[in-house]
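Structure record follows, encoded as structure tokens.
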Amino acid sequence: MTLRPMTFAEAEHFCDLYSILKGEVLCGSGDQQYIIDTVAVAPFDRLNKWIFVYFFLETNDLQQSMDFYKYSDLDVVLMSRDMANNEIIYKDLRSYLLEQQKTYAHGSFAVRV
């Protein structure tokens, strides 16, 4: 399945809609669970998404972390920060929902699992 980028309005809408995922397990099991603590608008492509997440780990500021990105192709990421070990785990929203076998449907973003 090919995913298309979101507009800013769409990404912001999904951030608000799926902020309820905060506190859920992003990945891992047992003692090594990563809990979602941030739902954010991020760049769509993998490289810029990684840069955004790295900046967020360093600054803890979503707006400042997006300042470098000048394009309109966006996505939504779920993040889990472990400040003690200075690491962050992230996954795009649509991949997470597919893995969890949850329905993600809104206009052209419909995914049936």
Side-chain angles (χ1 to χ4, degrees):
M1 170 181 44
T2 302
L3 299 178
R4 76 165 179 82
M6 297 180 193
T7 64
F8 181 76
E10 290 168 332
E12 203 170 51
H13 170 75
F14 285 111
C15 277
D16 291 341
L17 188 63
Y18 285 99
S19 65
I20 61 168
L21 293 174
K22 291 179 184 176
E24 297 290 324
V25 175
L26 180 61
C27 62
S29 61
D31 292 341
Q32 193 68 14
Q33 290 185 342
Y34 294 92
I35 306 301
I36 298 168
D37 57 36
T38 306
V39 179
V41 175
F44 179 73
D45 66 285
R46 287 176 44 173
L47 176 61
N48 283 310
K49 194 175 292 175
W50 181 87
I51 292 168
F52 163 77
V53 170
Y54 174 79
F55 282 158
F56 182 62
L57 179 63
E58 294 298 312
T59 65
N60 200 34
D61 183 313
L62 291 170
Q63 182 60 47
Q64 187 178 348
S65 301
M66 279 294 284
D67 283 348
F68 79 97
Y69 191 69
K70 305 300 180 202
Y71 305 99
S72 59
D73 294 346
L74 299 169
D75 203 355
V76 174
V77 294
L78 310 173
M79 296 184 278
S80 175
R81 291 173 292 179
D82 180 353
M83 299 308 271
N85 293 318
N86 198 34
E87 68 179 2
I88 192 164
I89 305 296
Y90 67 97
K91 187 174 292 189
D92 71 89
L93 174 65
R94 293 176 274 194
S95 295
Y96 173 82
L97 293 174
L98 281 172
E99 288 173 6
Q100 300 297 315
Q101 298 185 3
K102 295 180 182 177
T103 302
Y104 173 73
H106 181 77
S108 59
F109 293 109
V111 172
R112 299 181 201 281
V113 291

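Only this structure's heavy atoms are used, side chains among them; waters, hydrogens and symmetry mates stay out. Position 1 is the first residue of the sequence, and the numbers go up from there.
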Can you tell if the side chain of [X] reaches within under 4.5 Å of the side chain of [Y], non-hydrogen atoms only?
X     : Y     : answer
Leu21 : Leu93 : yes
Glu10 : Val41 : no
Asp92 : Phe44 : no
Ile35 : Val25 : yes

Gap between atom [atom2] of [Y] and atom [atom1] of [X] - 0.5 Å precision:
X     : Y     : atom1 : atom2 : result
Leu57 : Asn86 : CG    : CG    : 4.5 Å
Tyr96 : Ile36 : OH    : CD1   : 4.0 Å
Lys49 : Ile51 : NZ    : CD1   : 12.5 Å
Lys91 : Leu97 : NZ    : CG    : 10.5 Å
Met66 : Asp61 : CE    : CG    : 12.0 Å
Asp37 : Ile88 : CG    : CD1   : 7.0 Å

Fill in the blank from the handout: Between Ala40 and Cys15 the two heavy atoms that sit nearest each other are C-SG, 3.4 Å

Practice task
Kindly give the heavy-atom pair with the smallest separation between Cys27 and Ile89, and that separation in Å.
Solution key: SG-CG2, 3.7 Å

Handout entry: Over 12 foreign heavy atoms within 6.0 Å of OH, Tyr54
Key = no

Practice task
Report whether Met79 and Ile20 are members of the same hydrophobic cluster (ILVMFWY, side-chain heavy atoms less than 4.5 Å apart, transitive linking).
Solution key: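 No: no chain of side-chain contacts under 4.5 Å links Met79 to Ile20.
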
Exercise for the section: With side-chain contact (heavy atoms from CB on, under 4.5 Å) as the test, would you mind laying out the steps for Asn48 and Phe68 before giving the verdict? Expected result: CA-CA 9 Å; Asn48 283 310; Phe68 79 97; 3.2 Å; yes

Completion exercise
Given the options Arg94, Arg46, Arg4, Asp75 meets side chain to side chain donor-acceptor pair (under 3.5 Å) only with Arg94

Handout entry: Qualifying residues under side-chain hydrogen bond (donor to acceptor under 3.5 Å, both in side chains), relative to Ser65, sequence neighbours excluded
Key = Thr59

Practice task
May I ask you to check whether Tyr69 and Phe52 place their ring centres under 6.0 Å from each other?
Solution key: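 Between Tyr69 and Phe52, which both carry aromatic rings, the centre distance is not below 6.0 Å.
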
Problem - Single hit among Phe56, Tyr90, Tyr34 for side chain to side chain contact (heavy atoms under 4.5 Å, CB included) with Arg81 - result: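 Among Phe56, Tyr90, Tyr34, the one that satisfies the side chain to side chain contact (heavy atoms under 4.5 Å, CB included) with Arg81 is Phe56.
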
